[in-house]
Amino acid sequence: MNYVTGIGGIFFKAQDPAKLGEWYRKHLGLDVEEYGGVTFREGGASLESSPKRQAYTTWAPFEADSDYFAPSEKPFMINFRVTDLDALLAKLRGEGVKVDEETQRSEFGYFGWAMDPEGNRIELWEPPEIQTGDGK
């Protein structure tokens with residue numbers, strides 16, 4: 001019997017949780033609640049974006065010497081699903097956020113990266129279009 005059905009949350013320490021929460025609200029539009037966190041609810045995406053894209057959560061340990069999280073020195077990285085990666089990266093750059101110049105496209109979707117003010121690497125992921133049985 002499988003007991004785990006997905007990721008229930010991401011919890012991490014911050015030097016100034018309130019300030020970091022405000023940064024995520026301002027730059028990524030997260031609806032930071034009074035308790036200081038965000039609750040993503042199933043089916044909460046807009047009708048324009050939700051049905052057209054795959055939406056899943058990945059759990060994946062990396063090798064201890066992986067440089068995938070660089071330039072962050074933290075042992076974790078948060079991946080956020082987004083609806084328009086190019087627009088978001090342009091917005092972040094315009095707001096002075098440190099954004100990687102490189103993006104990557106693959107069968108898994110479109111990826112970009114940025115750093116928050118506490119040195120945490122953020123992976124931004126625009127999931128691929130859902131393929132229908134007729135190849136569309």
Side-chain angles (χ1 to χ4, degrees):
M1 173 186 282
N2 293 334
Y3 292 96
V4 177
T5 60
I7 301 296
I10 299 170
F11 308 97
F12 59 96
K13 297 178 182 180
Q15 298 299 315
D16 188 337
K19 184 176 178 181
L20 192 59
E22 176 57 22
W23 186 92
Y24 277 86
R25 185 205 59 74
K26 176 182 176 184
H27 296 291
L28 296 182
L30 270 61
D31 185 16
V32 180
E33 299 176 39
E34 190 173 319
Y35 74 91
V38 177
T39 303
F40 298 97
R41 304 202 188 287
E42 290 293 318
S46 70
L47 292 176
E48 299 93 46
S49 65
S50 182
K52 299 176 197 156
R53 303 219 172 255
Q54 297 180 24
Y56 51 85
T57 303
T58 300
W59 177 89
F62 282 69
E63 294 290 336
D65 61 354
S66 172
D67 62 357
Y68 191 67
F69 303 169
S72 176
E73 296 180 11
K74 307 290 178 79
F76 67 90
M77 180 178 63
I78 300 172
N79 171 294
F80 290 100
R81 285 189 297 260
V82 303
T83 56
D84 186 343
L85 180 60
D86 288 327
L88 177 56
L89 293 175
K91 173 187 177 297
L92 293 174
R93 286 185 181 104
E95 294 170 344
V97 173
K98 183 179 179 183
V99 175
D100 287 14
E101 292 301 317
E102 176 187 5
T103 59
Q104 291 182 359
R105 289 184 188 272
S106 75
E107 69 271 21
F108 302 112
Y110 186 28
F111 297 86
W113 297 269
M115 296 289 284
D116 78 14
E118 291 202 2
N120 301 305
R121 183 168 166 95
I122 303 163
E123 185 169 66
L124 303 167
W125 170 52
E126 184 177 323
E129 294 283 333
I130 293 175
Q131 299 298 312
T132 61
D134 59 4
K136 295 180 184 176

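Considering every non-hydrogen atom in both P127 and V82, the closest pair reads CD-O, 3.6 Å. Among all heavy-atom pairs drawn from R93 and V99, the shortest one is NH2-CG1, 3.5 Å. Taking each heavy atom of V32 and R25 in turn, the nearest pair found is CG2-CB, 4.2 Å. Of all heavy-atom pairs between L20 and A14, the closest is CD2-CB, 3.8 Å. Closest approach of W125 and G109 over heavy atoms only: NE1-CA, 3.9 Å. Listed here is the closest heavy atom pair of R121 and A70: NH1-O, 2.8 Å.
Residue M115 holds its CE atom at 13.5 Å from CG of L92, rounded to the nearest 0.5 Å. Taken from NE2 in H27 to CD1 in I122, the straight-line distance is 9.5 Å, to the nearest 0.5 Å. The CG atom of L28 sits 7.0 Å away from atom NZ of K91, with the distance rounded to the nearest 0.5 Å. We find the CZ-CZ distance between F40 and R81 to be 8.5 Å, quoted to the nearest 0.5 Å. Remark: F76 CZ to I10 CD1 distance equals 9.0 Å, nearest 0.5 Å. In this structure, E126 CD and F111 CZ are separated by 10.5 Å, a value rounded to the nearest 0.5 Å.
Residues L124 and T103 form no side-chain contact, since every pair of their non-hydrogen atoms from C-beta on lies 4.5 Å or further apart. Counting heavy atoms from C-beta on, the side chains of I78 and F12 come closer than 4.5 Å.
Shown here is E63, whose CD atom has no more than 12 heavy atoms of other residues, nucleotides or ligands within 6.0 Å.
Under a 3.5 Å cut-off, the side chain of K74 and the backbone N or O of E118 do form a donor-acceptor pair.
In this pair, Y68 and W113 present their aromatic rings perpendicular. The plane angle is above 60°, beyond the 30 to 60° band.
Between E22 and K19 there is no salt bridge, since no side-chain N of the basic residue sits under 4.0 Å from a carboxylate O of the acidic one.
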